[in-house]
Amino acid sequence: MKSRKLVISLAAATSGVLLGAGVAFAVWSASGSGTGTAAATVAQGVTLIGVTPTGANATLYPGGPASAVYFQVSNPNPYAITITGVSWGTPVSNSTAQCANTNISLVGSPPSAVSISVPANATSATLNVPGVLVLAHSAPDGCQGVSFNVPMTVTGTEQ
């Protein structure tokens, strides 16, 4: 009887081990390979918005020193930028009847190298580049209070 119990116990133990091993092998595994993708964004151009200076910032007068140009920069990119260069077009009067275009001009060598930081997805505060415009010494009284537009082209880099 003892040997019968021993054989039954041994058989039960062996079945348990084999059954456990079967369960262990029943867990599936998987593997694979392939590729993931990403894409670089396309840089968007910034927009310059002219800001007419008032009060102490309205510094043009006949024969006076070169005045600053005021503007804001709208940066639609998801990264901050630094504007490093600016080129200037021909300034024009916003009131040619009172102050002809011939009364306003760029200073001999207006600044072209700048360092202006603009946050990502934002419009900057009002910025300025000093020493750009001069009003002719012979400008008439009609030029008082007149504003002037100056075409600007800027270049820059991601920060």
Tabulate below the donor-acceptor pairs under 3.5 Å that side-chain atoms of residues 148-159 make, not counting sequence neighbours, or state none.
{"unit_1": "Asn149", "atom_1": "ND2", "unit_2": "Asn94", "atom_2": "OD1", "d": "2.9"}
{"unit_1": "Gln159", "atom_1": "NE2", "unit_2": "Ile81", "atom_2": "O", "d": "3.0"}
{"unit_1": "Gln159", "atom_1": "NE2", "unit_2": "Thr82", "atom_2": "OG1", "d": "3.0"}
{"unit_1": "Gln159", "atom_1": "NE2", "unit_2": "Ser117", "atom_2": "OG", "d": "2.4"}

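- Under a hydrophobic-cluster definition in which Ile, Leu, Val, Met, Phe, Trp and Tyr are linked whenever side-chain heavy atoms come within less than 4.5 Å, directly or via other members, Val134 and Tyr70 are assigned to different clusters.
- In this structure a side-chain-to-backbone donor-acceptor pair under 3.5 Å is missing from Asn103 to Ala136.
- One N or O on the side chain of Trp88 and one on the backbone of Pro111 form a donor-acceptor pair closer than 3.5 Å.
- Scanning both residues, Thr96 and Ser93, for their nearest heavy atoms gives N-OG, 3.6 Å.
- Using a distance-only test at 3.5 Å, with no hydrogens or angles considered, no donor-acceptor pair links the side chain of Asn101 to the main chain of Ser105.
- Looking at Asn75, its side chain does come within 3.5 Å of a backbone N or O of Asn77 through a donor-acceptor pair.
- The disulfide (SG to SG under 2.5 Å) analysis of residues 38-72, with sequence neighbours excluded, yields no pairs.
- The side-chain hydrogen bond (donor to acceptor under 3.5 Å, both in side chains) check on Asn121 picks up nothing, with sequence neighbours excluded.
- Evaluation of the side chain to side chain donor-acceptor pair (under 3.5 Å) test over residues 36-49, restricted to residues two or more places apart or in two chains, returns none.
- Scanning for side-chain contact (heavy atoms from CB on, under 4.5 Å) contacts around Gln72 gives Ile49, Val51, Thr123, Ser124, Thr126, with sequence neighbours left out.
- The stretch residues 98-159 participates, sequence neighbours left out, in these disulfide (SG to SG under 2.5 Å) pairs: Cys99-Cys143.
- Asn128 CG to Phe71 CZ: the interatomic distance, rounded to the nearest 0.5 Å, is 7.5 Å.
- Ser67 and Leu60 make their closest contact through CB-CD2, 3.5 Å (heavy atoms, listed as atom of the first residue, atom of the second, distance).
- Between Leu133 and Ile104 there is a side-chain heavy-atom pair separated by less than 4.5 Å.
- Connection of Val73 to Tyr79 is established within a shared hydrophobic cluster, with ILVMFWY side chains joined at heavy-atom distances below 4.5 Å, either directly or through further cluster members.
- The two residues Val146 and Gly142 have their closest heavy-atom pair at CG2-O, 3.3 Å.
- Considering only heavy atoms from C-beta on, Val132 comes within 4.5 Å of Leu106 through its side chain.
- Considering every non-hydrogen atom in both Ala120 and Pro78, the closest pair reads CB-C, 3.5 Å.
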